[in-house]
Amino acid sequence: MTLFVQFIIDGILLGGLYVLMAIGFSLSYGVTRIINFAHGEFIMLGAYAAFWMFHLWGFDPLAAMPLAIALVVVVGVLTFELSIARVLKAPQINQILLTFGVGLVLENLAVILWSGDERSTTPAYASSAFNLGSVYVPYNRLFGGIVAIVLVGGLMAWLKWSARGRAVRAVAQNSDAAALMGIDVKAAYALSFAISCALGAATGVVMSFIVTVTPFMGFPMLVKAVAIVILGGMGSVGGMTLGAFILALAESACSYFVPEGAGWSEGVAFMLIFTILLVRPSGLFGYASH
């Protein structure tokens, strides 16, 4: 029973972080209709920003998060203006190849600048926990879950109640109608992409004290985000949230209950993608196209 409760706690805490990771990926697509295959690399850049600020200047990763987000957003906005803005109306295959290429460029730049060595951000809470009855709660995942709740809640509130947020939602629903109503569609595209990069950077900051930081960490993060969005259904925030927790619990179950499962847990996302595309291509809460 104790092992089961421990697995549930680990899965729930990890699921909160996965929601943050996937909602940034989903937001960019929901507004611009471009699948950003470089999203994992923006997570990687956030992780490196936290790592270097911690090791060079002693900044706690959580305290350094606003600056890390700002740095990654600058990179994201430049990427959007110099490349992605030019293919907004291009065929989707061109968009996919472009964002995939952007991801490769960012990954290889990270290798050139920082080498491919594995690194770790090690604040005091990275390897400590507190007891909750007969189970323990790791501080790193707890803090990651809290960050996810705050940022996702803030994003939802901004989209619902702010004028800019409502403009972004209008563009996501119908960009032509939004333009006729006087909304600057390109600005909404750029803003949504910048917010997507910010959420990716925040995910990377938290990941920096949970997993090792390498230039190659982006692709596994991207696969998880894609699995979550496909599982929940594109455009469904509730479905995506459920998908994030399903993936997190499935990975935790694999680690806890499958022999040598720690190595297999990384393949859970691929298995979920394969299964959901076979059984229900529109996702749990998505709508089938006609």
Side-chain angles (χ1 to χ4, degrees), residues 8 10-40 42-43 46 96 99 141 144-160 165-166 168-173 189 191-204 206-207 218-253 265-266 268-289:
I8 293 294
D10 285 353
I12 289 174
L13 293 177
L14 185 60
L17 186 57
Y18 281 1
V19 172
L20 178 63
M21 174 176 64
I23 202 167
F25 175 76
S26 180
L27 176 67
S28 177
Y29 174 79
V31 179
T32 66
R33 294 296 184 266
I34 291 179
I35 302 174
N36 181 19
F37 281 94
H39 186 69
F42 289 106
I43 295 174
I96 290 172
T99 59
R141 292 196 179 189
I146 293 171
V147 168
I149 291 171
V150 171
L151 291 181
V152 173
L155 175 64
M156 293 296 100
W158 179 78
L159 287 172
K160 185 174 182 180
R166 289 194 294 269
V168 167
R169 287 167 55 202
V171 171
Q173 292 172 7
Y189 287 161
L191 180 59
S192 64
F193 193 85
I195 294 172
S196 173
C197 292
L199 295 175
T203 304
V206 175
M207 285 294 186
F219 182 72
M221 297 295 105
L222 174 67
V223 171
K224 293 176 193 289
V226 171
I228 290 165
V229 171
I230 290 175
L231 181 60
M234 187 65 77
S236 171
V237 174
M240 187 181 62
T241 302
L242 179 60
F245 284 103
I246 289 174
L247 175 60
L249 288 168
E251 287 186 349
S252 294
S265 62
E266 291 298 319
V268 171
F270 286 103
M271 183 190 70
L272 285 176
I273 292 174
F274 179 76
T275 302
I276 200 67
L277 287 176
L278 282 179
V279 176
R280 185 175 169 81
S282 58
L284 296 178
F285 294 93
Y287 295 94
S289 58

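Here the side chains of R141 and L14 are in contact, with some heavy-atom distance below 4.5 Å. At least one side-chain heavy atom of N36 sits less than 4.5 Å from a side-chain heavy atom of F42. Contact of the L222 side chain with the F25 side chain is registered, since non-hydrogen atoms from C-beta on lie closer than 4.5 Å. In this structure the side chain of V229 never reaches within 4.5 angstrom of the side chain of Y29, judged on heavy atoms.
Contact record, E251 with K224: OE2-NZ, 2.5 Å, taken as the closest heavy-atom pair. Nearest heavy-atom pair, S192 versus L27, reported as atom, atom and distance to 0.1 Å: O-CD2, 3.8 Å. Residues V19 and A244 come closest through the heavy atom pair CG2-CB, 3.4 Å. Residues G11 and L249 share a closest heavy-atom pair of CA-CD2, 3.7 Å.
The closest donor-acceptor contact from the side chain of R33 to the backbone of S28 lies at 3.5 Å or more, if one exists at all. Put simply, the side chain of H39 gets close to the backbone of M21: a donor and an acceptor are under 3.5 Å apart. At least one donor-acceptor pair closer than 3.5 Å links the side chain of T99 to the backbone N or O of I35. Side-chain N or O atoms of S26 include none that pairs as donor or acceptor with a backbone N or O of A22 at under 3.5 Å.
Once rounded to the nearest 0.5 Å, the distance linking CZ of F245 with CD1 of I228 reads 10.0 Å. Put simply, CG on L231 and CD1 on I246 are 4.5 Å apart, with the number rounded to the nearest 0.5 Å. Atom CZ of R169 is separated from atom CH2 of W158 by 10.5 Å, given to the nearest 0.5 angstrom. Atom OG1 of T32 and atom CG of L191 lie 12.0 Å apart (nearest 0.5 Å). To the nearest 0.5 angstrom, I43 atom CD1 is 10.0 Å from L199 atom CG. A distance of 11.5 Å separates CG of L151 from CD1 of I195, quoted to the nearest 0.5 Å.
Taking the side-chain contact (heavy atoms from CB on, under 4.5 Å) definition, one finds that A148 meets it with L20, sequence neighbours left out. Every residue two or more places apart in sequence or in another chain that forms a side-chain contact (heavy atoms from CB on, under 4.5 Å) with I96 is listed here: F37, Q92.
Sorted by first and then second residue, the side-chain hydrogen bond (donor to acceptor under 3.5 Å, both in side chains) pairs with a member in residues 194-203 form an empty list; sequence neighbours excluded.
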